[in-house]
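Counting starts at 1 for both ligands and their atoms, following the listed order. Heavy-atom basis, side chains included; hydrogens, waters and symmetry copies ignored.
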Amino acid sequence: MSTLIQNGIIVTASDTFEADLLVQGEQIVAIGTGLHEDGAEIINAEGCYIFPGGVDPHTHLDMPFGGTVTADDFESGTIAAAFGGTTTIIDFCLTEKKKPIKDAIQTWHEKSKGRAAIDYSFHLMIGEATEEVLAQLPSVINEEGISSFKVFMAYKNVFQADDATLFHTLKKAKELGVLVMVHAENGDVIDYLTKEALANGQTEPIYHALTRPVEVEGEATGRACQLTALADSQLYVVHVSCEEAVRKIEEARRAGADIWGETCPQYLTLDIDDLRKPEFEGAKYVWSPPLREKSHQDVLWNALRTGALQTIGSDQCSFHFKGQKTLGVEDFTKIPNGGPMIEDRMSILYSEGVAEERITLNQFVDVTSTRASKLFGLYPKKGTIAIGSDADLVIFDPFAVRTISSDTHHMKVDYSAFEGKQVKGVVRTVLSKGKVIIQDQAYKGNAGDGQYIKRAKYNEQLRNQIYVEHV
Ligand code: URP
Ligand code: ZN
Ligand code: ZN
């Protein structure tokens, strides 16, 4: 089966050009002008951009957290992702201390197999770097194709690992050729500050932000960077929210450390005042790290522009307002952390980034797709438009506008953090491995179209491309 996409403007991380694009089976087989193929299905993309499908390196689907389970699972979450132009996700596989890692990975396969609309892969959480755990890692990499490990420096008594675990993981990652990811906040200090706040009767959502100040993120980011340099390893800092953390990453990279950073749409566009909304609405804006003062947004946009930060993750971790966020009505520490973002990740980046001239069109592709693909062992199968790459393609109308609302979004959650926001640019058609899965705002795919992807190891050649292009 062939598909010929005509008259569109192809946009990659490096180029923008008018051309036709021929897809055969699951892959792109030709790019050029005046292409013709007998019997091909024709898609007219006139007036539209054609982007590589988005690669979202940070999702939590069907994840138990905060005394509940995320509202979106691998079916609803990946359909919503597809509506937003994302065609690959990497989800976090949680492990439990003292339990075999293979069991955790099996659990994640059971959650996702036969359910996903788009391709997906897993990162693996390391909670405790015992000899037993470290010994299992080579097979995790070689048999499961999991080439990134995640260490939480926060969520005391839940996910938080100590510095010994972070350091052991960094050393092992270097030896095995994979990337370590960190949630960088100082969990012990947060624990102190939250207990103090509750003792003072400070229970409203805003205290979530006030007990996780920028210093705790800056300190943990700096510590993770230093330990990475000491281990001569490689690090990716997830959901960077503030200037203090950006500066630590910049400083470490300037000193020669191999460190990458991700931010998220919420930190670029929402701010701490959202947590002050009345009637407990502030709970909708509880993320960790928390939303910051508005002044941090310019720093983050600038970091994306200069290459101080490389990627945009959604940190999709959705909970209903009614019945889930409301678990914390009397105590902000009981509000499940996270929000619905998988569907609007690319929209927000295009509308607030490209249309507002904060980043270029090519940078948009780079931060929403190409760099994540390069860092996480998916390139050039994913993250670009090239002959031989998977035909994961987004046909995007830059002139259309839409209004974000929970009434029309496809995430299985009862609110949107962007309710009523008008965004420029609309996803018209999405192809996943050559198959049209979104057309005219309708889902045309099937659960199970998306397959588990084994990823390659951390690749120094691809890493160097990112350095050369953007720093
Ligand atoms: O608040 C957040 N970020 N929830 C998801 C879990 C995490 O820390 O990434
Ligand atoms: Zn996190
Ligand atoms: Zn997360």
Chemist: Is there a polar contact between ligand 1 and S288, counting only N or O atoms under 3.5 Å apart?
Modeler: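 Yes, S288 has an N/O under 3.5 Å of an N/O on ligand 1.
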Chemist: Nearest to the Zn ion (ligand 3), which N, O or S atom of D315 do we find?
Modeler: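 Looking at D315, the N, O or S atom with the least distance to the Zn ion (ligand 3) is OD1.
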Chemist: Considering heavy atoms of the protein only, find what lies nearest to atom 4 (N) of ligand 1 and give residue, atom and distance to 0.1 Å.
Modeler: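 Ranking protein heavy atoms by distance from atom 4 (N) of ligand 1, first comes N337 O, 3.2 Å.
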Chemist: Flag the pair K102 and E143 as a salt bridge only when some basic side-chain nitrogen lies within less than 4.0 angstrom of an acidic carboxylate oxygen.
Modeler: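 A salt bridge links K102 with E143.
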Chemist: With the Zn ion (ligand 2) as the reference point, give the N/O/S atom of H239 that is nearest.
Modeler: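 So the atom name we want here is NE2.
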Chemist: Any side-chain donor-acceptor pair under 3.5 Å between T408 and R402?
Modeler: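 Short answer, no.
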Chemist: Please state whether the separation between the Zn ion (ligand 3) and some N/O/S atom of H60 is under 2.8 Å?
Modeler: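 So H60 does bind the Zn ion (ligand 3) by this criterion.
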Chemist: At a 4.0 Å cut-off, with the gap strictly under it, does some heavy atom of F92 reach an atom of ligand 1?
Modeler: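 Judged by the 4.0 Å heavy-atom criterion, F92 does not count as contacting ligand 1.
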Chemist: Could you establish whether M63 and ligand 1 come within less than 4.0 Å of each other, counting only heavy atoms on the residue side?
Modeler: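 False for this residue.
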Chemist: Do you see an N/O/S atom of H183, backbone or side chain, under 2.8 Å from the Zn ion (ligand 3)?
Modeler: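 No, since none of the N, O or S atoms of H183 sits under 2.8 Å from the Zn ion (ligand 3).
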Chemist: Between K382 and D390, is the closest basic N to carboxylate O distance under 4.0 Å?
Modeler: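 Between K382 and D390 there is a salt bridge, with a charged N closer than 4.0 Å to a carboxylate O.
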Chemist: For the residue pair K111 and F74, would you count it as a cation-pi contact if the rule is NZ or CZ under 6.0 angstrom from the ring centre and within 45 degrees of the ring axis?
Modeler: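 No, cation not above the ring by the 6.0 Å, 45° rule.
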Chemist: Could you list the atoms of ligand 1 found under 4.0 angstrom from a heavy atom of H183?
Modeler: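 Answer, ordered by atom number: 8 (O).
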Chemist: What I want to find out is whether E352 reaches K421 closely enough, with some N-O distance under 4.0 Å, to be called a salt bridge.
Modeler: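 Judged by the 4.0 Å cut-off on N to carboxylate O distance, E352 and K421 do form a salt bridge.
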Chemist: Among all the protein's non-hydrogen atoms, which is closest to atom 3 (N) of ligand 1, and how far away is it?
Modeler: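 The answer is D315 OD2, 2.6 Å.
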Chemist: Looking at F319, does the NZ or CZ of K325 lie under 6.0 angstrom from its six-membered ring centre and within 45 degrees of the ring axis?
Modeler: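 Verdict for F319: no cation-pi partner in K325.
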Chemist: Where does the angle between the aromatic ring planes of F396 and F364 fall among parallel (under 30°), tilted (30 to 60°) and perpendicular (over 60°)?
Modeler: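 It falls in the tilted class, 30° to 60°.
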Chemist: Give me the residue, atom name and distance of the protein heavy atom closest to atom 8 (O) of ligand 1.
Modeler: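 Nearest protein contact, heavy atoms only, for atom 8 (O) of ligand 1 is Y155 OH, 2.6 Å.
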Chemist: Looking at E219 and R223, is any side-chain nitrogen of the basic one under 4.0 Å from a carboxylate oxygen of the acidic one?
Modeler: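 Looking at R223 and E219, the cut-off is met.
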